[in-house]
Amino acid sequence: MTSARQKKYNNPVTAILTGISDLFRKQIPAGELKLTDRLDGKTVLIDGASSGLGFAMAVDVARRGARVIMACRSGIPEKGEKVKKLSGNPNVHMLHVDFSNVSSINELVVQLQSPSLLGIDILICNAGIVPKQSRKTPQGLEEMFMVNYFSKFLFVNLMIENHCFNGQETGVTGQNAKSKEQGSSIPRIIFIASESHRNPEKFEWADFGKYRDYSIGKSIELYGYYKLLLTTYSVELSRRLNPGAETNFSIFSLCPGPVNSNIAREAPKVFTPLLKLVFGIFFKSPAKAAVPAIYLAASGDVAGKPFDYLFLMGRKDVDEKASDPENGKKLWQLSEELRRTL
Ligand SMILES: NC(=O)c1ccc[n+]([C@@H]2O[C@H](COP(=O)([O-])OP(=O)(O)OC[C@H]3O[C@@H](n4cnc5c(N)ncnc54)[C@H](OP(=O)(O)O)[C@@H]3O)[C@@H](O)[C@H]2O)c1
């Protein structure tokens, strides 16, 4: 059954209206991001940091004293230089990655194993697109499926398998876990998801990973579906990494609410002036929208938690489709099978 809530992200107009009305919803904040929530001595990797939310998060974590690695498809080196200038922190590095290409993800993980870059404390998986139509990746996959979901599965699992995290004592099977002295030394992985993950009625397992043709209308609907895959993966990842009472990895997921970013860059040109106006008036600036992600990255409140999901600054349960262990298991199995074909 499709509830009224679920229909809210089915097309560009309802998606924008839902985003705006969500901003006015009353929330009990999960906590507060403080100026004293520092990241000195921590290495934070943010992908898709050339624009919008990713760029704003890079500036914020740099201001909090982190060593920042920006993994980007474009903007190298100028965006990194801008982050240095805006934050006053010279410890900002840029690496190239194209998440639509498996080879590029593999190359990034190789670079992250070099002695000068090894040891990520906090990973923020942020890159995302809303394409105007379907496009094929070099490996023949559908681009939005790849960038918004499958690249995260490949990238995060590869990073864990290659021990790219600081304080990492467990693999994706959760074996060999050792207790940690302090919650703050537990690696954190943060996924930028979306409330639109609640939109799809069901998983389409039979079509998993298959290329499909679509245009802009369907793109918004599929965006929600891929965010459902991402959210389901985040819950399953936490389950696998934290099989016992100890937390080995903190896995966090969040919806930043509507952000005045470049996410609608592929919208038909005729709508650009209107979208700019609506985004400018109603949507949050990337710096303000970054607060929930920075809270999950830097706050002691969430240290040692195996999983958390925020919508804006409010704590919520993820959609029950995403938290169902059977769905998590199925998604993991299909993703592994697809990975073996690449
Ligand atoms: N804007 C919203 O209202 C909103 C709401 C909820 C969730 N989100 C999520 O927030 C995240 C950030 O989006 P945004 O709003 O900040 O949009 P944005 O300004 O368009 O930023 C998207 C970022 O992703 C990068 N990217 C896209 N394709 C890539 C690829 N193949 N390889 C590597 N990087 C790639 C872009 O790099 P280039 O600059 O090189 O293209 C850019 O840095 C996304 O996951 C989005 O789904 C946004």
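Atoms within a ligand are numbered from 1 in the order they appear, just like the ligands themselves.
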Taking the six-membered ring of [Y] as reference, does the cationic atom of [X] (NZ for Lys, CZ for Arg) lie under 6.0 Å from its centre and within 45° of its axis?
X    : Y    : result
K79  : F55  : yes
K136 : Y211 : yes
K284 : F279 : no

Just distances here: any N/O of [X] and N/O of ligand 1 closer than 3.5 Å?
X    : result
S50  : yes
V259 : yes
L53  : yes
C255 : no
F99  : yes

May I ask you to check whether [X] and [Y] show a side-chain donor-acceptor distance below 3.5 Å?
X    : Y    : result
R67  : T43  : yes
Y233 : N157 : yes
E337 : Q333 : yes
D121 : N166 : yes

Just jot down the ligand 1 atoms closer than 4.0 angstrom to any heavy atom of [X], in number order.
X    : answer
V147 : 28 (N), 31 (N)
I192 : 9 (C), 10 (O), 11 (C), 45 (O)
P258 : 3 (O)
G128 : 22 (C), 24 (O), 27 (C), 44 (C), 45 (O)
S261 : 1 (N), 14 (P), 15 (O), 16 (O), 17 (O), 19 (O)
G52  : 16 (O), 19 (O)
G257 : 3 (O), 4 (C), 5 (C), 6 (C)
S100 : 31 (N)

contact_flag A193 ligand 1 heavy-atom lt 4.0 Å: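 Right, A193 reaches ligand 1.
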
Below 4.0 Å from any atom of ligand 1, is there a heavy atom belonging to K227?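 Contact present.
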
What protein heavy atom sits nearest [atom], and how far off is it?
atom                    : result
atom 45 (O) of ligand 1 : N126 O, 2.6 Å
atom 13 (O) of ligand 1 : I263 CD1, 3.9 Å
atom 21 (O) of ligand 1 : S51 OG, 3.7 Å
atom 48 (C) of ligand 1 : Y223 OH, 4.0 Å
atom 26 (N) of ligand 1 : A127 CB, 3.9 Å
atom 20 (O) of ligand 1 : R265 NH2, 2.8 Å
atom 31 (N) of ligand 1 : D98 OD1, 2.9 Å
atom 23 (C) of ligand 1 : G48 O, 3.6 Å

Testing V302, V318, L237 one by one against F307 for a side chain to side chain contact (heavy atoms under 4.5 Å, CB included), which residue passes?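 When V302, V318, L237 are each tested with F307, the side chain to side chain contact (heavy atoms under 4.5 Å, CB included) holds only for V318.
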
Could you check whether the rings of F208 and W205 sit parallel, tilted or perpendicular, using 30° and 60° as the cut-offs?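 Rings of F208 and W205: tilted, 30 to 60°.
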
Indicate the ring-plane relationship of F150 and F145, choosing parallel, tilted or perpendicular according to the 30° and 60° boundaries.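 Taking F145 first and then F150, their aromatic rings lie parallel (interplane angle under 30°).
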
Same cluster for L158 and V110 if Ile/Leu/Val/Met/Phe/Trp/Tyr side chains link at under 4.5 Å?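 Different clusters: L158 never reaches V110 through Ile, Leu, Val, Met, Phe, Trp or Tyr contacts under 4.5 Å.
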
Should L277 and L275 be counted in the same cluster of Ile, Leu, Val, Met, Phe, Trp and Tyr side chains packed under 4.5 Å apart?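 Shared cluster, yes.
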
Below 4.0 angstrom, N of the basic side chain to O of the carboxylate: do E221 and K227 qualify?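 Result for this pair is no, no salt bridge flagged.
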
Flag the pair E81 and K85 as a salt bridge only when some basic side-chain nitrogen lies within less than 4.0 angstrom of an acidic carboxylate oxygen.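 So E81 does not pair with K85 through a salt bridge.
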
Pick from P256, A49, A293, S104: the one approaching atom 6 (C) of ligand 1 most closely through a non-hydrogen atom: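 Minimum heavy-atom distance to atom 6 (C) of ligand 1 goes to P256.
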
